Amino acid sequence: MDRNFTTFLAVEAFIQEHSREIRGEKVLIDLDVACLYEISLVELYKIIGKNKRRFPPDFMFMLNNEEKEKLSLKSKKVFA
């Protein structure tokens with residue numbers, strides 16, 4: 001099997017396994033996005049901060065306390 005196709009399938013499986021539904025949207029939490037790209041949260045936030053123009057306004061939102069408790073997350077942000 002083609003290496004690129006195998007990588008695509010692995011990423012697709014990761015997203016399917018880690019996506020959650022919040023506010024009617026399928027999302028990945030920040031920790032999972034960082035894990036997917038094999039970087040730290042600090043690096044992820046730096047990349048987003050330096051490239052704000054590249055991300056649509058609805059790309060990221062903060063969870064409220066109830067949502068965090070419901071998902072048992074230490075993370076605060078999700079990526080739609």
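These numbers come from a predicted model, not from an experiment.
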Let me confirm one number: the [atom1]-[atom2] distance from [X] to [Y], rounded to the nearest 0.5 Å.
| X | Y | atom1 | atom2 | value |
| --- | --- | --- | --- | --- |
| Glu67 | Ile22 | CD | CD1 | 6.0 Å |
| Met60 | Met62 | CE | CE | 8.5 Å |
| Leu36 | Ile15 | CG | CD1 | 6.0 Å |
| Asp32 | Leu44 | CG | CG | 11.0 Å |
| Phe61 | Arg23 | CZ | CZ | 4.5 Å |

Identify, with sequence neighbours excluded, every residue that meets ring-ring contact (aromatic ring centres under 6.0 Å, His included) alongside Tyr37.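 Per chain and number, Tyr37 pairs via ring-ring contact (aromatic ring centres under 6.0 Å, His included) with no residue.
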ring-ring contact (aromatic ring centres under 6.0 Å, His included) partners of Phe14, counting only residues at least two apart: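 If we apply the ring-ring contact (aromatic ring centres under 6.0 Å, His included) test to Phe14, skipping adjacent residues, the hits are His18.
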Suppose we screen for side-chain contact (heavy atoms from CB on, under 4.5 Å). Which residues come up paired with Asn4, at least two apart in sequence or across chains?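 Once residues adjacent in sequence are excluded, the partners of Asn4 under the side-chain contact (heavy atoms from CB on, under 4.5 Å) criterion are Asp2.
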Excluding sequence neighbours, so at least two apart, what forms side-chain contact (heavy atoms from CB on, under 4.5 Å) with Glu12?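 Glu12 satisfies side-chain contact (heavy atoms from CB on, under 4.5 Å) with Phe8, Gln16 once adjacent residues are dropped.
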So, the side chain of Glu69 versus the backbone of Glu66: is there a donor-acceptor pair under 3.5 Å, distance only?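 No, Glu69 side chain to Glu66 backbone: no donor-acceptor pair under 3.5 Å.
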Under the side chain to side chain donor-acceptor pair (under 3.5 Å) rule, collect the residues that match up with Ser19, sequence neighbours excluded.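 Testing Ser19 for side chain to side chain donor-acceptor pair (under 3.5 Å), a comparison that skips the adjacent residues, returns none.
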Check Ile47 against Phe55 and note the closest heavy-atom contact, atom names and distance.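 Looks like O-CE1, 4.3 Å.
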